Each structure stands twice: as structure tokens, then as C-alpha cells.
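Quick note: numbers below take in every heavy atom, side chains included, and nothing from hydrogens, waters or symmetry partners. No experiment lies behind these values; they were computed from the predicted model shown.
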Amino acid sequence: MEDAQADGFERRIQERGKPRHPLTTTPVNTLPQGNIPNTPLAASTISFLLGASFSLGMALFLRGGLTAPWWATYQLGFFIAAWSGFHWGEFAVTAGWNLEKCSIDSFLLENGAMYHIANGTALVEYLVTLYFSPSSKSHHHISFIGVLLALAGQALRTTAMAQASTNFSHAVAFRKRESHQLVTNGLYAWSRHPSYAGFFYWALGTQLVLQNFVSFVGFAIILWRFFYRRTRAEEKALVQFFGNDYEAYRGRVGTRIPFIP
């Protein structure tokens, strides 16, 4: 009995000495590309901050805003909640349905300078317009439509990522893996790129909530151009992966993003 306990103790010591990844969700075939360390501390800290931001934003939205300070509106509350929920959801869905690709990068917080400039510009437009012309933000039916569009877009993207599972990747895959399959059921029977369509409508919905005319138009143009180029590059690779099967699929299912066939 004592020998068995000693062997078990020695085994645990040996296991502790083995090199381990700093985060158990380190991707299988690649390494995180961003500047945020891929550690449990970073993942838990980001999750806490996003959760706190979501909770505060949602509380402000559900309360209908505050009379003071002047900028504490339900519209801004929803935008903060939607933004925080989106980034937390990207990590959570990847961890739940696509663990082999999950890392700190899955939060998409280092999603390119243009992404942060666009969101920063949207906030500036909202606050400046609200300060100088508060009546221009009083069209509540527009914000209501925006809430519905943002929620529908978020649901579409989240569901698409879960249904694609390990076949989904935040980065375009130009090399076919053995496990790579062509997904054509579920949402993919309705749209070839439901995750892209979901993000497109989610982003436009957030701008309708804020009643940002300039940012709405800007988001629509920038996102359309981005997804047009991305889908063309991705589909070229998919044709190489799946040949006639993908050609037939592309012929019968659209993208559901306006003017992107």
C-alpha cells in the first residue's frame, strides 16, 4: 500500500515537471499572433472586464438611461453591452465548439486598427451629436429596429460558428486539413457565409441604435468591401478543397449580404 502511494506521489511530481502550455486552449496548429499574453490570467481578466462592461451597459439600457450625466443614454448602454457581448461570445463559442483553435486571440480584441478606429469614430459621432443636437437622437423607433438587427446578427453569427464547429476559423484557411468538411446544413443551407452576414448586420444594427447616420453609411461601405474581398479569397480556396461540390453549393446558396453573390 505504501509503495503504491509512493509511486502515485512520484508520478504526480513527474507530471508537474512536464512542460505545459500556459493556456490549455493553445491552438493545435498555430500560435497566438496578438500582443496579449496567452495565459489564464489574461483570459480571466479580459472575461471579467467584458462581463462587467456588458452588465453595466445592459443595466443602463434596461433602465432606459439616466437623466444625468447627459451621455448616459439607453442607446449608449446597448452599444457597450453589444460590443462587450460580441467579443466575449467569440471566445466562448470558440472554446465550446472549436477548442483546437481557441486562444487569447479568439476574443478578437486585436482585430486590426481599422476596427477600433471605426468604433471610436462611431462613439465620437454619437456623443458630439447628442451634445449639440439631442433631438436628433430621439427617434426611438430607429433605435428599436437597430436593437432587433443587432440581436439577430449576433444570434446568426454565434449559431453559425457553433454549427461549423472545427470547420470554422477566424482566419481564412488556405490549406485543407484532413478533418475539414464542407458544411451545407443548418444555417449554411440558407447562407454560404452566415457568420459574415451575422457580423455585417450586427455592426449596422449597433449604428442604428446610436442613430449614427455617418457611421452607418461608413460601416456599410467598409464592411461590404471587406467581406466582398474576403469571400472571394475564401471561396477560391474552398473550390480547391471541395471542387464541384462547392461549385454546386455556391450555385444554389447565396451569401445573404447585399450585392455579394
Side-chain angles (χ1 to χ4, degrees), residues 27-30 33 82 86-87 89-103 105-108 111-112 114-115 118 145 148-208 216-261:
V28 174
N29 297 317
T30 186
Q33 302 298 311
F86 168 79
H87 286 285
E90 292 294 295
F91 183 89
V93 176
T94 305
W97 283 268
N98 197 4
L99 186 60
E100 67 178 36
K101 296 190 184 78
C102 187
S103 75
D105 289 352
S106 301
F107 283 107
L108 293 188
N111 205 16
M114 183 59 70
Y115 173 77
I145 294 172
L148 295 180
L149 188 61
L151 291 177
Q154 181 67 70
L156 181 59
R157 181 172 176 85
T158 299
T159 304
M161 289 174 61
Q163 288 182 347
S165 187
T166 57
N167 296 289
F168 180 86
S169 177
H170 281 122
V172 177
F174 293 104
R175 180 176 298 177
K176 188 176 184 294
R177 296 178 291 110
E178 291 184 4
S179 61
H180 206 163
Q181 297 178 345
L182 178 60
V183 181
T184 60
N185 58 348
L187 285 176
Y188 289 85
W190 173 77
S191 168
R192 294 201 310 276
H193 301 284
S195 64
Y196 295 166
F199 183 85
F200 182 81
Y201 294 117
W202 170 85
L204 293 186
T206 62
Q207 297 313 298
L208 284 180
F216 179 87
V217 174
F219 272 48
I221 294 172
I222 292 172
L223 288 173
W224 186 91
R225 292 181 62 186
F226 173 80
F227 284 128
Y228 181 85
R229 294 171 179 172
R230 188 174 177 111
T231 56
R232 300 310 93 175
E234 184 171 328
E235 293 194 348
K236 185 180 294 185
L238 290 170
V239 169
Q240 293 177 348
F241 293 171
F242 303 108
N244 292 334
D245 288 341
Y246 190 81
E247 292 278 14
Y249 172 62
R250 181 167 60 181
R252 67 177 184 270
V253 179
T255 65
R256 305 303 177 184
I257 299 176
F259 307 111
I260 298 181

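Note that the NE2 atom of His180 and the CZ atom of Phe241 stand 6.0 Å from one another [nearest 0.5 Å]. Taken to the nearest 0.5 Å, the OG atom of Ser195 stands 11.0 Å off from the CD atom of Gln163. The CZ atom of Phe107 sits 11.0 Å away from atom NE2 of His170, with the distance rounded to the nearest 0.5 Å. Taking CH2 of Trp224 as the reference point, atom CD1 of Ile221 lies at 10.5 Å (rounded to 0.5 Å).
A 6.0 Å sphere centred on CZ of Arg252 holds more than 12 heavy atoms belonging to other residues, nucleotides or ligands.
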Going through the distances and angles, do His193 and Phe227 end up as a side chain to side chain contact (heavy atoms under 4.5 Å, CB included)?
-> CA-CA 10 Å; His193 301 284; Phe227 284 128; over 6 Å; no
Check the pair Phe168, Lys101 against side chain to side chain contact (heavy atoms under 4.5 Å, CB included), reporting the backbone distance first and the verdict last.
-> CA-CA 9 Å; Phe168 180 86; Lys101 296 190 184 78; over 6 Å; no
Evaluate the criterion side chain to side chain contact (heavy atoms under 4.5 Å, CB included) for residue pair Val239 and Arg250; output intermediate values, then yes/no.
-> CA-CA 10 Å; Val239 169; Arg250 181 167 60 181; 3.8 Å; yes
Please walk me through it: do Gln240 and Tyr246 pass side chain to side chain contact (heavy atoms under 4.5 Å, CB included)?
-> CA-CA 9 Å; Gln240 293 177 348; Tyr246 190 81; over 6 Å; no
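Taking each heavy atom of Tyr188 and Val253 in turn, the nearest pair found is O-CG1, 3.9 Å. Heavy-atom minimum distance, Pro258 versus Tyr201: CD-OH, 3.3 Å. The shortest non-hydrogen separation linking Ala197 to Thr255 is CB-O, 3.9 Å. Scanning both residues, Leu208 and Ile145, for their nearest heavy atoms gives CD1-CG2, 4.2 Å. For the residue pair Asn111 and Leu108, the shortest heavy atom distance occurs at CB-O, 3.2 Å. Leu223 approaches Phe200 most closely through the heavy-atom pair CB-CD1, 3.8 Å.
Inter-residue side-chain proximity for Arg256 and Leu156 is flagged as unmet; no heavy-atom pair is nearer than 4.5 Å. Annotation: side chain of Arg230 is in contact with side chain of Val172 (closest heavy-atom distance under 4.5 Å).
Applying the salt bridge (Lys or Arg N to Asp or Glu O under 4.0 Å) test to every pair with at least one member in residues 181-193, sequence neighbours left out, gives these pairs: Arg192-Glu235.
In this structure, Tyr196 has its ring center at least 6.0 angstrom away from the ring center of Phe199.
With Gln207 contributing its side chain and Phe219 its backbone, the two residues share no donor-acceptor pair below 3.5 Å. At least one donor-acceptor pair closer than 3.5 Å links the side chain of Thr231 to the backbone N or O of Tyr228.
Aromatic ring orientation, His87 versus Tyr115: perpendicular (interplanar angle above 60°, classes split at 30° and 60°).
For Gln154 and Thr158, the side-chain atoms include at least one donor-acceptor pair closer than 3.5 Å.
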